[in-house]
There are 2 protein chains.
Amino acid sequence: MVTSSAHERRAGARSTYLISMAACPTHRGLDRLGDSWVSLILKELADGPRRHGELARAVAGATQKMLTQTLQALQRDGLVARSVIDSIPPRVEYRLTPLGETLLPVMAMVTEWAERHIGDIDTARATYDSVTSN
Amino acid sequence: MVTSSAHERRAGARSTYLISMAACPTHRGLDRLGDSWVSLILKELADGPRRHGELARAVAGATQKMLTQTLQALQRDGLVARSVIDSIPPRVEYRLTPLGETLLPVMAMVTEWAERHIGDIDTARATYDSVTSN
DNA sequence: CAGAATCCAGGCGGATACTG
DNA sequence: CAGTATCCGCCTGGATTCTG
């Protein structure tokens, strides 16, 4: 099993605070979106279906392992659909499900925010570092 | 140093693919927001300044270590401001910076999406699991 | 009360090799 | 081409203890 987040897992181990956060949808949602390669994959699939190999190239930097793993997680959550056209060689296509498409506007907003403010963050970071560590 | 994301660090280690993702603002933004406790802290600070202890209680489930660590990261990114009113016992207040406040609409949208669709995700997940593992 | 410091298990993700 | 399986180092985050 590849799916449940670190928190879910740990929450299962000890008994406490299941209540306080496990049920928070926002937290859970961000947990998915934050999952390292999700944003890149989603961005790629936003333009239409992609084959496995195409994704591998587009999302360069992701290990093949991570790519498959992430795609499976997205599939499990019903955000991405996988279809096999078995021929030789095999073709596998991934596409957004309708549910997955509802994510695009959200992603767009995050992107807009990030592009607008990433500079401020870098500045703040540089300032903080120079003040702190010298 | 507590700050740089797993990817940044690993990207530094090996030389490849710095190009393809390190610079993507969306990815970087989500990397922050996805940071496990950020959403909960932000949610709390959205209603106004909070003391350390208040946050500790509100974000129950976070270790003291994680709380401090996350707050420092947010501070470094210029999203949260820390002010010390030194008295005995000491008071420390955290509040959103103006930059941090620009995040609230984004968070709101994520929250709305999550609340609306988290059910679908759970359904999809249950279906997937029952099909896969039986 | 706020937080820094240390110790340590367990999980994450990279590299590699192998199947249909 | 698409995907699985195994091995393993490193980082993350929890528990605990100690200051101002």
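All figures in this text were calculated on a predicted structure; none of them were measured in a lab. Just so it is clear: chains get the letters A, B, ... in the order the sequence lines come, proteins before strands, and each one is counted from 1.
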Review point. About how many Å separate CG of Asp31(B) and OG of Ser36(A), when rounded to the nearest 0.5 Å?
Key: 6.0 Å
Considering only [options], which nucleotide approaches the side chain of [X] most closely?
X        : options                  : answer
Pro89(A) : dA4(C), dC1(D), dG13(D)  : dC1(D)
Trp37(A) : dG13(C), dA2(D), dG14(C) : dG14(C)
Lys65(A) : dA2(C), dG13(C), dA15(D) : dG13(C)
Val92(B) : dG14(C), dA2(C), dT6(C)  : dA2(C)

Exercise for review: Give one of base, sugar-phosphate or nothing for Arg51(A), where a contact means two heavy atoms less than 4.0 Å apart.
Suggested key: sugar-phosphate
In this structure, how many angstroms lie between the [atom2] atom of [N] and the [atom1] atom of [X], rounded?
X        : N       : atom1 : atom2 : answer
Ile88(A) : dG20(C) : CD1   : P     : 13 Å
Leu55(B) : dC1(C)  : CG    : P     : 14 Å
Leu40(A) : dG13(C) : CG    : P     : 14 Å
Leu71(A) : dA2(D)  : CG    : C1'   : 11 Å
Leu67(B) : dG14(D) : CG    : C1'   : 14 Å
Arg91(A) : dA2(D)  : CZ    : P     : 8 Å
Asp35(A) : dG11(C) : CG    : P     : 16 Å
Met66(B) : dT16(D) : CE    : C1'   : 14 Å

Review point. Within a reach of under 6.0 Å around CD1 of Ile88(B), are more than 12 heavy atoms found that belong to other residues, nucleotides or ligands?
Key: no
Review point. Under 4.0 Å: is that the gap between some side-chain N or O of Gln72(A) and OP1 or OP2 of dT4(D)?
Key: yes
**Study point:** Residues which pass side-chain contact (heavy atoms from CB on, under 4.5 Å) with Ser83(B), listed by chain and number, not counting sequence neighbours
**Key:** Glu93(B), Arg95(B)
Check your understanding: Which residues satisfy the side-chain contact (heavy atoms from CB on, under 4.5 Å) test with Thr127(B), sequence neighbours excluded?
Key -> Thr123(B), Val131(B)
Under 3.5 Å, side-chain donor or acceptor atoms of residues 41-63 of chain A against the rest of the protein: list the pairs with distances, not counting sequence neighbours.
{"from": "Glu44(A)", "atom 1": "OE2", "to": "Arg50(A)", "atom 2": "NE", "distance (Å)": "3.4"}
{"from": "Glu54(A)", "atom 1": "OE1", "to": "Arg51(A)", "atom 2": "N", "distance (Å)": "2.6"}

Exercise for review: Go through the structure and list residues passing side-chain hydrogen bond (donor to acceptor under 3.5 Å, both in side chains) with Gln64(A), not counting sequence neighbours.
Suggested key: Thr68(A)
Could you go through residues 107-119 of chain B and list every donor-acceptor pair under 3.5 Å that involves a side-chain atom there, pairing it with any protein atom two or more places apart or in another chain?
{"from": "Thr111(B)", "atom 1": "OG1", "to": "Thr26(A)", "atom 2": "OG1", "distance (Å)": "2.9"}
{"from": "Thr111(B)", "atom 1": "OG1", "to": "Met107(B)", "atom 2": "O", "distance (Å)": "2.9"}
{"from": "Glu112(B)", "atom 1": "OE2", "to": "Arg116(B)", "atom 2": "NH2", "distance (Å)": "2.9"}
{"from": "Trp113(B)", "atom 1": "NE1", "to": "Thr102(A)", "atom 2": "O", "distance (Å)": "3.4"}
{"from": "Trp113(B)", "atom 1": "NE1", "to": "Thr102(A)", "atom 2": "OG1", "distance (Å)": "2.9"}
{"from": "His117(B)", "atom 1": "ND1", "to": "Asp120(B)", "atom 2": "OD2", "distance (Å)": "3.2"}

Name the pairs: protein N/O against N/O of nucleotides 17-20 of chain D, kept only if under 3.5 Å.
none

